[in-house]
Chemist: 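Submitted below is the structure of interest, expressed as structure tokens.
Counting starts at 1 for both ligands and their atoms, in listed order.
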Amino acid sequence: MKETVPSTTTHLTEDPETAAAFVKRGEVVAFPTETVYGLGGAYNNPNAIASIFAAKSRPADNPLIVHIAALHQLDDLVKTIPPGANQLIEAFFPGPLTLIFQRNSTVPDLVTAGLDTVAIRMPAHRLARTFIDACDVPVAAPSANRSGRPSPTSWQDVYTDLKGRIPCILKGGLSDVGIESTVVDCTSSEPLVLRAGGITLEALQEIAPTTSLYKDKMTGPARSPGMKYRHYAPKAAVSLVEEPTYVPADQSIAYIGRTPHPFPEQLGLHLHCSDTAAYAYELFRFFRRSDRAGIQQVFCQTVTREGLGTALMDRLEKAAAR
Ligand code: TXA
Ligand code: MG
């Protein structure tokens with residue numbers, strides 16, 4: 001893709017007010033959330049939104065999530081909130097859940113990629129909400145990685161991808177969840193999960209029993225535009241294995257999974273995760289570490305598609321797809 005981003009100094013700060021001042025000037029800021037880091041700008045400033053797409057080299061037909069700090073900010077963004085969706089808001093906002101509604105005309109086409117719907121999320125991360133609040137307007141933000149790269153779960157990962165391409169990074173700690181939010185379409189009578197993520201299908205069904213996975217229901221074109229792109233991949237080849245015994249012991253190889261490899265010291269990198277949540281927490285950072293270590297092939301153990309395992313398998317399969 002053609003380079004269109006002029007080089008800029010990337011300011012690092014831990015102060016949400018300093019970071020928000022960039023957004024108020026129409027500039028963009030990378031900020032921490034409990035899922036992954038986001039790259040945000042004022043949702044109603046088309047120049048800021050254009051800068052986000054340019055910094056990431058993101059295809060223009062992939063809409064952004066609008067992040068809010070308080071529920072009253074929904075009023076300006078959406079037409080109506082269906083009753084079922086209200087229950088999901090009560091149960092899971094703030095948190096790793098994104099809900100899709102019919103949008104108001106205040107939301108620019110650039111944010112929604114021309115769709116008549118808008119995706120909304122209220123992060124649980126304290127610093128994220130303080131920052132969004134200080135921006136005075138909702139903050140439109142995709143994950144803060146270069147397009148196609150694993151989502152960043154530390155400010156250092158953002159710096160690696162976007163140094164010199166964005167003016168500011170709000171530094172926080174490591175993202176608690178490590179994979180992105182669950183995206184749920186609330187525009188029809190039954191909630192539909194378009195992207196599995198930090199809130200599990202089982203948890204959603206406890207509140208809204210008719211919730212289903214889009215993947216289970218339909219074939220045909222992707223309803224969430226972002227799902228059609230290759231994602232989450234390190235430079236190394238990614239292969240999925242059921243058991244680590246299939247993984248060749250070699251220094252050019254990395255392995256991550258729930259079962260330890262029989263000869264971990266013979267591998268270039270080895271990470272044993274105690275459960276699915278720990279696996280999700282580590283995965284994207286492990287991909288990036290593998291690249292830094294010059295690993296040729298990353299083997300990932302598959303997990304059962306239940307709980308967080310559904311979202312984890314989605315990321316693993318996308319990373320392995322070439
Ligand atoms: O956890 C997260 O969701 C992170 C943090 C920063 O909030 N954000 C994130 O954004 O992962 P992004 O842009 O990488 O992924 C957003 C996904 C994409 O698959 C996009 O296509 C979908 O949400 N999306 C956004 N607006 C949509 C809409 N109106 N209809 C359907 N899908 C939408
Ligand atoms: Mg992303």
Side-chain angles (χ1 to χ4, degrees), residues 28-41 43 49 52-53 55-69 77-79 92-104 107-125 127-129 131-132 138-153 155 157-158 161-162 170 172 175-188 191-199 214 221-233 280 284 311 314-315 318-319:
V28 301
V29 171
F31 63 99
T33 86
E34 73 276 23
T35 54
V36 300
Y37 275 66
L39 177 61
Y43 88 101
I49 304 305
I52 293 172
F53 279 91
K56 282 185 57 107
S57 309
R58 181 176 173 103
D61 66 348
N62 195 1
L64 308 184
I65 297 171
V66 179
H67 295 72
I68 58 174
L77 302 171
V78 309
K79 281 212 171 106
F92 301 112
F93 274 24
L97 179 68
T98 295
L99 298 178
I100 292 177
F101 300 109
Q102 294 296 335
R103 69 154 155 154
N104 255 340
V107 184
D109 278 344
L110 269 179
V111 171
T112 68
L115 297 175
D116 55 7
T117 56
V118 60
I120 315 269
R121 170 162 181 240
M122 189 199 294
H125 196 282
L127 184 60
R129 283 224 306 289
F131 160 70
I132 296 163
V139 172
S143 49
N145 49 291
R146 288 292 286 269
S147 249
R149 298 273 297 142
S151 293
T153 55
W155 69 262
D157 290 347
V158 177
D161 274 21
L162 298 178
L170 176 59
S175 298
D176 279 344
V177 181
I179 53 176
E180 303 84 349
S181 64
T182 305
V183 178
V184 178
D185 186 340
C186 295
T187 58
S188 36
L192 202 53
V193 176
L194 303 184
R195 177 180 74 182
I199 298 286
Y214 176 69
R223 185 130 143 216
S224 182
M227 299 305 278
K228 68 173 185 262
Y229 294 107
R230 198 170 86 90
H231 264 96
Y232 317 123
F284 290 151
D314 167 71
R315 305 310 186 269
K318 286 225 167 61

Chemist: Please identify which atoms of ligand 1 are closer than 4.0 Å to at least one heavy atom of Ile100.
Modeler: 27 (C), 28 (C), 30 (N), 31 (C), 32 (N), 33 (C)
Chemist: Give the single entry among Gly197, Pro96, Ser143, Ser147 that approaches atom 10 (O) of ligand 1 most closely by any heavy atom.
Modeler: Ser143
Chemist: Any sub-3.5 Å donor-acceptor pair from Arg195's side-chain atoms to Val184's backbone N or O?
Modeler: no
Chemist: Consider ligand 1: state whether an atom of it lies below 4.0 angstrom from any non-hydrogen atom of Thr112.
Modeler: no
Chemist: Counting both backbone and side chain atoms, is some N or O of Lys56 under 3.5 Å from an N or O of ligand 1?
Modeler: no
Chemist: Suppose I only count heavy atoms of Ile65 and a 4.0 Å limit; which atoms of ligand 1 are within that range?
Modeler: 3 (O), 8 (N), 9 (C), 10 (O), 16 (C)
Chemist: Would you please determine whether Arg103 falls within less than 4.0 Å of ligand 1 on a heavy-atom basis?
Modeler: no
Chemist: Run the numbers on Leu97 and Thr182 for side-chain contact (heavy atoms from CB on, under 4.5 Å), then give the verdict.
Modeler: CA-CA 5 Å; Leu97 179 68; Thr182 305; 3.9 Å; yes
Chemist: Suppose I only count heavy atoms of His67 and a 4.0 Å limit; which atoms of ligand 1 are within that range?
Modeler: 5 (C), 6 (C), 7 (O)
Chemist: For ligand 1, which atoms, with element, lie under 4.0 Å from some heavy atom of Arg195?
Modeler: 2 (C), 3 (O), 9 (C), 11 (O), 15 (O), 16 (C), 17 (C)
Chemist: Keeping Arg146 on the side-chain end and Leu162 on the backbone end, is there a donor-acceptor pair under 3.5 Å?
Modeler: no
Chemist: When only distance counts, is Asn62 in polar contact with ligand 1, meaning an N/O pair under 3.5 Å?
Modeler: yes
Chemist: At a 4.0 Å threshold, what atoms of ligand 1 neighbour a non-hydrogen atom of Gly38?
Modeler: 6 (C)
Chemist: Below the 3.5 angstrom mark, is there an N/O of Thr117, backbone or side chain, next to an N/O of ligand 1?
Modeler: yes
Chemist: Please verify the inter-ring angle class for His67 with Phe31; under 30° counts as parallel, over 60° as perpendicular, anything in between as tilted.
Modeler: perpendicular
Chemist: If every non-hydrogen atom of Phe131 is compared with every non-hydrogen atom of Leu170, which pair is closest and at what distance?
Modeler: CB-CD2, 3.7 Å
Chemist: Would you confirm whether Tyr37, through its side chain, and Gly172, through its main-chain N or O, come within 3.5 Å as a donor-acceptor pair?
Modeler: yes
Chemist: Quick check on contacts: which atoms of ligand 1 are under 4.0 angstrom from a heavy atom of Leu115?
Modeler: 28 (C), 29 (N), 30 (N)
Chemist: Could you report the tightest heavy-atom contact between Ala311 and Ile179, atom names first, then the distance?
Modeler: CB-CD1, 3.5 Å
Chemist: State, without any angle test, whether Ser181 and Thr35 hold a side-chain donor-acceptor pair at a distance under 3.5 Å.
Modeler: no
Chemist: Are any of the N/O atoms on Arg58, whether in the backbone or the side chain, positioned under 3.5 angstrom from an N/O atom of ligand 1?
Modeler: yes
Chemist: Return the NZ to CZ distance between Lys79 and Arg103, rounded to the nearest 0.5 Å.
Modeler: 8.5 Å
Chemist: Scan side-chain atoms only and decide if Glu180 and Ser151 contain a donor-acceptor pair under the 3.5 Å cut-off.
Modeler: yes
Chemist: Would you mind finding which of Gln102, Arg121, Glu34, Glu180 brings a heavy atom closest to atom 5 (C) of ligand 1?
Modeler: Arg121
Chemist: Would you mind running through ligand 1 and noting each atom that sits below 4.0 Å from a heavy atom of Pro142?
Modeler: 10 (O), 12 (P), 13 (O)
Chemist: Under 2.8 Å from the Mg ion (ligand 2), can any N, O or S atom of Asn145 be found?
Modeler: no
